[in-house]
Amino acid sequence: MKIATWNVNSLRARADRVEDWIERSDADVLAIQETKCKDDNFPWELFERAGYDVAHFGFSQWNGVAIASRVGLDDVQRTFPEQPAFGKNGVDPVQEARAISAVVGTKNSSSGEKPLRIWSLYVPNGRALDDEHMPYKLEWLERLRAHAVAEVDADPAARLALTGDWNIAPQDEDVWDMQYFLDEGLTHVSPPEREAFHAFEASGFVDVVRPRHPGPGVYTYWDYQKLRFPKKEGMRIDFVLASPALASSVTDAWIDREERKGKGASDHAPVVVELD
DNA sequence: ATGGTCGCACGGCGA
């Protein structure tokens, strides 16, 4: 079974490319972030044509997450338990459309693979080190971790994939120039953000791409601005973190950098993981 | 040429 995660940066603007990529990649499951739409204008037909079931969680032009699967899509959950809400200056806090999960692999599993629960996650950006979105980001991650750890504690054989846009570059080699980020005082590389990410690893979750693709120079995101992609100035901020039981069935993992090329590309590349 | 982008929705925000 092949699972993937991809921040598409608007599903409607990217519909043709997403449909082409699904065909080309032969992924059984795709976790999507930044659909940037609501159910009313979600491109349901795209997935129907391709032969995938799809579940979506989005209620405005911001955020939005989805999971498409051709190997079953069961027990869909929108938001995780105790997912923090955000409201500017604490006013009218809402749980944003940043997390959806489903059990996949329950049907058409030709090679006999076992089901797993996959999460499609769009971690809050943080915006700036002194912005109120930064403590929100850190709290969001800690609540997610607490939930995921509880699942594995309850069942050490739990097959859990935490996939998506984490908006964190956990190591210096995950950005093209660490000094640039320090000089500019940018987010994604600060110690608290990195601690929030490493807490998942300390809890047993495994970044399944890094062992197969050591850095530096391995990225999943390149800003549209300043010719970052042709200049190979990227960031590795999209991850598949696998629970211990799931990590042991990973046979391959890679970043589809080709998809970042050409007119109409998302600023993120898909991350693909092969399971036995 | 020392800048250079997108997508939302149609002014300015978010990334």
Side-chain angles (χ1 to χ4, degrees), chain A residues 5-21 31-43 46 56-66 84-89 91-99 120-138 140-141 163-170 174-177 179-181 183-190 193 196-197 219-239 255 257 259-271:
Chain A
T5 182
W6 187 14
N7 181 327
V8 298
N9 185 11
S10 174
L11 195 46
R12 286 171 293 158
R14 215 75 61 209
D16 289 349
R17 281 192 77 128
V18 170
E19 191 162 1
D20 288 350
W21 189 84
I32 300 167
Q33 300 86 43
E34 283 210 87
T35 62
K36 289 190 172 178
C37 62
K38 41 190 128 184
D39 283 353
D40 284 353
N41 50 15
F42 187 90
L46 185 166
H56 177 234
F57 179 34
F59 43 73
S60 74
Q61 71 269 44
W62 306 118
N63 313 311
V65 283
F86 182 83
K88 198 167 171 56
N89 300 315
V91 179
D92 297 333
V94 296
Q95 283 183 308
E96 297 177 308
R98 295 178 174 276
S120 179
L121 304 164
Y122 181 41
V123 175
N125 177 286
R127 299 196 182 187
L129 294 180
D130 61 355
D131 192 285
E132 62 180 329
H133 286 84
M134 183 56 70
Y136 167 54
K137 177 182 193 173
L138 298 175
W140 200 94
L141 286 162
T163 84
D165 176 358
W166 291 71
N167 271 316
I168 297 175
D174 294 322
V175 295
W176 80 94
D177 182 357
Q179 197 57 50
Y180 175 83
F181 282 75
D183 291 346
E184 300 288 324
L186 299 178
T187 59
H188 294 55
V189 298
S190 72
E193 290 168 280
F197 185 89
Y219 307 126
T220 64
Y221 164 86
W222 299 260
D223 200 313
Y224 287 127
Q225 302 184 61
K226 301 181 180 174
L227 298 177
R228 293 295 187 210
F229 184 65
K231 290 163 80 171
K232 304 187 189 305
E233 296 175 344
M235 302 168 70
R236 197 170 75 101
I237 56 177
D238 301 87
F239 297 92
I255 298 160
R257 187 180 169 281
E259 178 53 36
R260 181 62 179 80
K261 295 181 178 176
K263 190 173 173 56
S266 169
D267 41 4
H268 295 253
V271 179

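Because the structure is a prediction, the values reported are computed rather than measured.
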Tell me, please, whether Tyr180(A) has Arg228(A) positioned over its six-membered ring: NZ or CZ under 6.0 Å from the ring centre and within 45 degrees of its axis?
yes
Between dC6(B) and dC10(B) - C1' atom distance, rounded Å
15 Å
Under a 4.0 Å heavy-atom cutoff, the residues of residues 226-237 of chain A touching DNA chain B are Lys226(A), Leu227(A), Lys231(A)
State which residues pass side-chain contact (heavy atoms from CB on, under 4.5 Å) with Ala13(A); sequence neighbours excluded, sorted by chain then number.
Ser10(A)
Please report the closest heavy-atom contact between Asn167(A) and Asp165(A), naming both atoms and the distance.
N-OD1, 3.0 Å
Please tell me whether Glu34(A) and Asn7(A) have a donor and an acceptor in their side chains that are separated by less than 3.5 angstrom.
yes
Please work out whether the ring planes of His133(A) and Tyr136(A) are parallel, tilted or perpendicular, with thresholds of 30° and 60°.
perpendicular
For the residue pair Ile255(A) and Tyr219(A), establish whether any side-chain heavy-atom pair is separated by less than 4.5 Å.
no
Taking every heavy atom of Met134(A) against every heavy atom of Ala128(A), the minimum-distance pair comes out as CB-O, 3.7 Å
Check Trp166(A), Tyr221(A), Phe229(A), Trp6(A) against His268(A) for a ring-ring contact (aromatic ring centres under 6.0 Å, His included) and give me the one that passes.
Tyr221(A)
Measure from CG on Leu11(A) to P on dC8(B) and round the result to the nearest Å.
10 Å
Considering only nitrogen or oxygen atoms on both sides, find all protein atoms under 3.5 Å from nucleotides 9-15 of chain B and state each distance.
from	atom 1	to	atom 2	distance (Å)
dA15(B)	OP2	Arg127(A)	NE	2.8

In whole Å, measure the gap between the C1' atoms of dG4(B) and dA9(B) for me.
24 Å
Could you measure between the two C1' atoms, the one in dG7(B) and the one in dG11(B), and give it in whole Å?
14 Å
